[in-house]
Enquirer: 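Let me begin by handing over the structure; questions about it come next.
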2 protein chains.
Amino acid sequence: MATIHDVATKAGVSVTTVSRVLNNRGYISEKTRKKVFDIMAELNYQPNEIARSLLRKQSNVIGLIIPMVSHPFFSELANYVEYYAYQAGFKVMLCNSQLDPAKERDYIEMLKRNRVDGIIMGSHTLDVEEYRHLHSPIVTIDRQIDDEIPSISSDNYRGGEIATELLVRKGCRKIAHICGNQELHMLSNLRTNAFHETARKQGVQHITIQTDMNVFDQKQYERIIDTLLEEHPDTDGIFATSDIIAAFAVKGCIRVGKRVPQDVRIIGYDDVNAASWLNPEITSIRQPIGEMGRMAVELIRKQLEGKPFKVENVLPVQLVERSTT
Amino acid sequence: MATIHDVATKAGVSVTTVSRVLNNRGYISEKTRKKVFDIMAELNYQPNEIARSLLRKQSNVIGLIIPMVSHPFFSELANYVEYYAYQAGFKVMLCNSQLDPAKERDYIEMLKRNRVDGIIMGSHTLDVEEYRHLHSPIVTIDRQIDDEIPSISSDNYRGGEIATELLVRKGCRKIAHICGNQELHMLSNLRTNAFHETARKQGVQHITIQTDMNVFDQKQYERIIDTLLEEHPDTDGIFATSDIIAAFAVKGCIRVGKRVPQDVRIIGYDDVNAASWLNPEITSIRQPIGEMGRMAVELIRKQLEGKPFKVENVLPVQLVERSTT
DNA sequence: CAGTATATGTCAATCGTTTGACACATGTCA
DNA sequence: TGACATGTGTCAAACGATTGACATATACTG
């Protein structure tokens, strides 16, 4: 790879001059500028960003830690993060924690060693303390660490409320809620709180089933649904905490001969693209994933630039009614 | 951030000693080693990988360029690439081209400026020439550049053959094939060749519909299916080049009152996870995505280490029969 | 006691780029 | 003529780590 030195020699100028051309500073004649650019093209010169980063103490890299990209919610989030990061001149480093604390910790250290400009945390398997000592700007998705670290989430409580209310309004008398593992202290636990309170207030029977801590395990979903329908055959409403789980609920119902939505009404969560590929299309609570991604990048930038930012960012959710309710 | 210098000073030793501890070379007493590690922990020291990369001329970063992560095939591929890269000590930089040549080119240059150790190309919107001049090790997914650059693909021709044969065997007499844009010169075009040849050989009516160059556009899929069913109402078999398109085909059929698989048999491609969330579950041609990801990382490594490697890597596909055929 | 293994230090170069200080032209304008 | 703008050069330090050469000191072994 050619260096700035090679370019300077070949162009018959000094490295300072080349650097000046490259960074547009100081006086440069049109003739020299052209000459330098020509040589750069000829040598296929690409300035070494590693050397620049070292000097500038800025890598322009954002680390994105999520449980796994192949989960639709996170793959869509990653897609938007990449989109807005690119627009802002950042590169994104993809880190799947697989919800393994050791891997998550390892990735955090790796990102620090690589002096990333910021970390977007979509996985949270460690203790609050461990996140607090991070020096780089971070932003968390769906979890609050403390009142210094900005977090982004959608209005989980409201989402749980809307979902439960819809099922009640549609006439469900016994509603099951399948939620994620509550031990992770995610803000999504609020959906479950909302479910309990709303169901109680409305006076309908309700049960809650927690999934294991695995990111996503189809077999587990199938088992949970089967058990649910067997132990509570009179269930007439299911509020699943993701569209994928809702999809398995639909399949489970059909397997045992129940019609959706006539016998069982089902609502998912997230409103990922896949929710509308399914048949029947799944009613869902839409999280503004694009906006969450945009805001995550923006919050990193604001921290880097020392600008003020809001610590708690709760975005509105929206009911998207389709065919399963 | 603490530097190796701070650690040395605080530990009362020289930077050389700290470096020796860090890199496990030369003689170090247990006492000093412990002392240094203690201070490193105390100062929360993380060696600056940027400085190391500069010196070693090795960044341990792999660039992954794909059309978009939110497409299930690529999100699963990205997931595996991350998995194997992590195991091998690499970080992965996520680049979505959106099938925009300008963005793809820009990303390639960015990756070169950042001196990545290798590039996995899953997006191919540029001319062969542009890829050929890349200096870093690259590996392509689903496209052949020349006989120097290793490529990975699954057996697209065989996949197309199996899919078509299955539909014929099931009794289809008029089969439609929905394929991706053929201008991209991807190896997946072989599926279409296989479709034509097999259908002709078997003597069944067949039509082919090409999608636009967009990565994925639900509206477009819906339109294509609607038009197909309207213009060719006697279609009784559909071979879609992705499971997502197949999902839309299923929905389209049901919309116009056709039963799947009784009236129309549908087969998808890739066998992404989503294929089994759907209802009915989609019959598909399975690409070994995990193996492709593993091999991509391995081929980068082999090039880096100067080991011999195979240029053309075609992996077997497999029929996964479910409910839509 | 000589020789060697162990333990640590100093010093300087290197990776590729940026940047500030300073020097020295040439040209232009008032 | 002097002041200033323009254009380019040299030099050196800095970013943070690694590494080889070499020096020195202690401890042990045969």
Side-chain angles (χ1 to χ4, degrees), chain A residues 1-40 43-61 109-117 135-136, chain B residues 1-40 43-61 109-117 135-136:
Chain A
M1 277 259 82
T3 69
I4 197 175
H5 216 271
D6 301 332
V7 175
T9 310
K10 188 131 189 179
V13 297
S14 69
V15 291
T16 306
T17 301
V18 177
S19 178
R20 288 206 264 247
V21 170
L22 223 42
N23 298 284
N24 246 319
R25 35 174 51 252
Y27 297 112
I28 292 289
S29 67
E30 256 328 301
K31 195 168 146 252
T32 307
R33 186 189 305 277
K34 184 176 179 328
K35 175 90 187 173
V36 170
F37 275 126
D38 286 351
I39 299 289
M40 290 194 323
L43 294 181
N44 202 352
Y45 169 74
Q46 301 281 0
N48 187 328
E49 278 299 328
I50 297 182
R52 285 181 163 180
S53 299
L54 182 59
L55 193 63
R56 296 204 176 124
K57 294 161 169 299
Q58 263 237 21
S59 58
N60 287 314
V61 172
E109 301 209 323
M110 182 279 274
L111 292 174
K112 291 182 73 175
R113 283 197 303 276
N114 283 277
R115 302 297 191 266
V116 298
D117 290 346
H135 273 86
S136 29
Chain B
M1 277 257 84
T3 71
I4 198 174
H5 217 269
D6 302 331
V7 176
T9 310
K10 188 131 190 178
V13 298
S14 69
V15 290
T16 305
T17 302
V18 178
S19 178
R20 287 206 264 249
V21 170
L22 224 41
N23 298 284
N24 246 320
R25 35 176 50 252
Y27 296 112
I28 292 289
S29 68
E30 255 328 301
K31 196 168 142 255
T32 306
R33 185 189 306 278
K34 184 177 178 325
K35 174 89 187 172
V36 170
F37 275 128
D38 286 351
I39 299 289
M40 289 194 323
L43 295 182
N44 202 352
Y45 170 73
Q46 301 281 0
N48 187 327
E49 279 299 328
I50 296 182
R52 284 181 163 180
S53 298
L54 181 59
L55 191 64
R56 295 205 177 122
K57 294 162 168 301
Q58 262 236 20
S59 59
N60 287 312
V61 173
E109 300 209 323
M110 183 278 278
L111 293 173
K112 291 182 74 177
R113 282 197 304 275
N114 283 277
R115 303 298 192 264
V116 297
D117 289 347
H135 272 88
S136 30

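Just so it is clear: chains get the letters A, B, ... in the order the sequence lines come, proteins before strands, and each one is counted from 1.
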Enquirer: Of the nucleotides D:dC15, C:dT17, D:dA17, which one has an atom closest to the side chain of A:L54?
Expert: D:dC15
Enquirer: I want to check something: taking the side chain as every heavy atom from C-beta on, are B:V18 and B:V13 in contact at a cut-off of under 4.5 Å?
Expert: yes
Enquirer: Could you check A:S29 against B:L22 and say which one's nearest nucleotide on DNA chain D is further toward the 5' end?
Expert: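 In this pair, the answer is A:S29.
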Enquirer: Just how far, in rounded Å, is P of D:dG7 from CZ of A:R25?
Expert: 16 Å
Enquirer: A:T32 near the nucleic acid: base, sugar-phosphate alone, or nothing, with a heavy-atom cut-off under 4.0 Å?
Expert: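 The answer is sugar-phosphate, as A:T32 gets under 4.0 Å only of primed atoms, P, OP1 or OP2.
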Enquirer: Working to the nearest 0.5 angstrom, can you tell me the gap between B:D38 CG and B:K35 NZ?
Expert: 7.5 Å
Enquirer: DNA chain C: B:Y27 or B:T16, which has the more 5' nearest nucleotide?
Expert: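 Closer to the 5' end of DNA chain C: B:Y27.
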Enquirer: Quick check for you: among C:dT10, D:dG16, D:dG9, whose closest atom lies nearest to any side-chain atom of B:T3?
Expert: D:dG16
Enquirer: Within less than 4.0 Å of OP1 or OP2 of C:dT17, is there a side-chain N or O belonging to A:S19?
Expert: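 No.
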Enquirer: Could you tell me the separation between the NZ atom of B:K31 and the P atom of D:dA27, rounded to a whole number of Å?
Expert: 12 Å
Enquirer: Is any NZ, NE, NH1 or NH2 atom of the basic residue among B:K112 and B:E109 found under 4.0 Å from an Asp or Glu carboxylate oxygen of the other?
Expert: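 Judged by the 4.0 Å cut-off on N to carboxylate O distance, B:K112 and B:E109 do not form a salt bridge.
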Enquirer: Tell me if the side-chain of B:R20 makes a donor-acceptor pair with the base of C:dG9, cut-off 3.5 Å, by modelled atom types.
Expert: yes
Enquirer: Both B:A51 and A:N23 contact DNA chain C. Taking the nearest nucleotide for each, which residue is further toward the 5' end?
Expert: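 Closest to the 5' end, via its nearest nucleotide, is B:A51.
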Enquirer: Rounded off to whole Å, could you give me the CG-to-P distance for the A:N24 and C:dT19 pair?
Expert: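 That distance rounds to 12 Å.
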Enquirer: Looking at B:N48, I'd like to know whether one of its side-chain N or O atoms comes within less than 4.0 Å of OP1 or OP2 on D:dA17.
Expert: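 B:N48 to D:dA17 OP1/OP2: no side-chain N or O under 4.0 Å.
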Enquirer: Between atom CD of A:Q58 and atom CZ of A:R115, what is the distance when rounded to the nearest 0.5 Å?
Expert: 13.5 Å
Enquirer: From CD of A:E30 over to P of D:dT6, roughly how many Å is that when rounded to an integer?
Expert: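 Rounded to the whole Å, the gap is 14 Å.
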Enquirer: Using whole Å, what does the distance between atom P of nucleotide D:dA14 and atom CD of A:Q58 come to?
Expert: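 Atom CD in A:Q58 sits about 21 Å away from atom P in D:dA14.
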Enquirer: For DNA chain D, whose closest nucleotide is more 5', that of B:R52 or that of A:L55?
Expert: A:L55
Enquirer: NA contact type, A:I50, heavy-atom cut-off 4.0 Å: base, sugar-phosphate, or nothing?
Expert: nothing
Enquirer: Compare side-chain N and O positions of B:T17 against OP1 and OP2 of C:dG9 and report whether any pair is under 4.0 Å apart.
Expert: yes
Enquirer: What's the separation between atom NE2 in B:H5 and atom OG in B:S14, rounded to the nearest 0.5 Å?
Expert: 9.5 Å
Enquirer: Using atom NZ of A:K57 as one end and atom C1' of C:dT18 as the other, report the distance to the nearest whole Å.
Expert: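 Between C1' of C:dT18 and NZ of A:K57: 14 Å.
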Enquirer: Just how far, in rounded Å, is C1' of D:dT19 from CD1 of B:I4?
Expert: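 Atom CD1 in B:I4 sits about 11 Å away from atom C1' in D:dT19.
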Enquirer: When the distance from CE of B:M40 to C1' of D:dG16 is rounded to whole Å, what number comes out?
Expert: 15 Å
Enquirer: Look at all strands and tell whether B:V15 reaches a base, only sugar-phosphate, or nothing, counting heavy atoms closer than 4.0 Å.
Expert: nothing
Enquirer: Quick check for you: to the nearest 0.5 Å, what is the distance between A:S136 atom OG and A:N114 atom CG?
Expert: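 It is 11.0 Å, given to the nearest 0.5 Å.
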